[in-house]
Participant: 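My questions will all concern the structure given below.
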Amino acid sequence: MNQEEKQVSKVERFKANLKRLMKKRWTMPALYLTLAAVVITGFIWVTSDSEDLSQDPAQDSEFDINQPGDEAYDEDGLPVTVQNEVFEMPVLDENEVSVVGNFYDYEASVDDQVDALIQYNNYYYQNKGVDLASENGESFDVTAAMSGTVVKAEEDALFGQVVHVEHDDDILSIYQSLEGVLVEDGQTVKQGDVIARAGRNLYNSDAGQHLHFEIRKNGVPVNPLEYMEQPLTSLPEVDEEQADQESDSEELPELPKEALREDS
């Protein structure tokens with residue numbers, strides 16, 4: 001018997017065996033069950049693979065993954081970038097300005113206290129913030145010292161154009177003696193945004209074109225220069241008595257009986 005006849009013989013035996021197998025009662029059910037198992041397994045594999053591809057990887061990650069342009073938020077729902085901010089000088093270039101009016105500090109020397117007085121209407125008033133001016137006396141861009149929400153942007157007859165930016169913990173940054181204000185009430189500003197330019201006001205006309213800048217907590221002013229590069233949490237606590245005694249930023253404080261007059 002040659003090779004071709006052997007191959008035909010094997011095929012004939014396979015067909016005969018297959019016919020005998022198909023005649024058994026359990027053959028067809030077993031075949032159907034096998035095919036069903038293959039189909040179900042394939043369906044489950046395809047479905048699970050599609051869900052893995054469509055699911056947002058950031059949801060399954062144990063790490064805090066932020067896509068470009070997204071802001072991370074802390075447990076209180078506040079942007080982490082804001083929580084990590086520190087106060088910056090409210091100007092684009094610190095080298096272009098200098099302090100021409102200091103904050104009145106009750107613990108400072110007599111000479112420093114005298115330098116921190118503002119003359120208006122023949123009386124001297126304690127400076128509640130600092131005054132910044134350029135060396136050449138020209139105007140300059142005024143920026144937000146910290147991110148926040150504008151709660152006041154208006155013209156004041158005495159203090160010039162003013163802007164108040166509200167931060168957390170009842171803290172305000174206050175900008176007076178402005179011109180060309182670019183923001184309005186309710187607007188959110190980010191640290192470094194230009195909000196106006198330095199201008200003039202009647203209250204401190206001797207300073208010429210300048211920016212008057214204050215930081216207040218619960219209405220009580222602090223020395224802004226002491227809190228540069230410091231976060232909001234660095235400001236001291238204020239009791240209710242202090243807050244009640246303090247005048248608003250756009251109101252002249254009540255003068256004591258021993259207040260100094262220009263001609264005294």
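All residue numbers refer to positions in the sequence shown, counting from 1. The figures here come from the full heavy-atom set of this structure, side chains too, leaving out hydrogens, waters and symmetry mates. All figures in this text were calculated on a predicted structure; none of them were measured in a lab.
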Participant: Hey, quick one: are Met228 and Phe140 part of the same hydrophobic cluster, counting side-chain heavy atoms closer than 4.5 Å, chains of contacts allowed?
Facilitator: yes
Participant: Does Leu117 belong to the same Ile/Leu/Val/Met/Phe/Trp/Tyr cluster as Tyr106, with side-chain heavy atoms less than 4.5 Å apart forming each link?
Facilitator: yes
Participant: Can you tell me how far CG of Asp105 sits from CG of Asn127, rounded to the nearest 0.5 angstrom?
Facilitator: 12.0 Å
Participant: Is it the case that atom CD in Glu237 sees more than 12 heavy atoms from other parts of the structure closer than 6.0 Å?
Facilitator: no
Participant: So which heavy atom on His212 is nearest to which on Gly129, and how close?
Facilitator: CE1-N, 3.6 Å
Participant: Are Met146 and Val183 connected in a single hydrophobic cluster, I mean Ile/Leu/Val/Met/Phe/Trp/Tyr linked by side-chain heavy atoms less than 4.5 Å apart?
Facilitator: yes
Participant: Determine whether the side chains of Glu166 and His164 contain a donor N or O and an acceptor N or O closer than 3.5 Å.
Facilitator: no
Participant: Do the non-hydrogen side-chain atoms of Ser173 and His167 ever get within less than 4.5 Å of each other?
Facilitator: yes
Participant: Determine, using the 4.5 Å side-chain heavy-atom cutoff (strictly less than), whether Leu202 and Leu252 are members of one ILVMFWY cluster.
Facilitator: yes
Participant: Could you give me the CA-CA distance, side-chain angles and deciding distance for Leu211 and Val97, then say whether side chain to side chain contact (heavy atoms under 4.5 Å, CB included) is met?
Facilitator: CA-CA 10 Å; Leu211 162 67; Val97 300; over 6 Å; no
Participant: Side chains of Pro236 and Tyr227: closer than 4.5 Å at any heavy-atom pair?
Facilitator: yes
Participant: Heavy atoms only: give me the nearest Ala108-Gln113 pair and the separation to one decimal.
Facilitator: O-NE2, 3.5 Å
Participant: Looking only at heavy atoms, which two atoms of Ser247 and Arg216 are closest? And how far apart?
Facilitator: O-NH1, 2.8 Å
Participant: Would you say Leu182 and Val194 make side-chain contact, with heavy atoms under 4.5 Å?
Facilitator: yes
Participant: Ser147 and Glu85: side-chain donor and acceptor closer than 3.5 Å?
Facilitator: yes
Participant: For Asp111 and Ser109, does a side-chain donor sit closer than 3.5 Å to a side-chain acceptor?
Facilitator: no
Participant: Taking all non-hydrogen atoms of both residues into account, name the closest pair between Ile174 and Glu250 and its distance.
Facilitator: CG2-OE2, 4.3 Å
Participant: Between the main-chain N or O of Gln161 and the side-chain N or O of Asn201, is there a donor-acceptor pair closer than 3.5 Å?
Facilitator: no
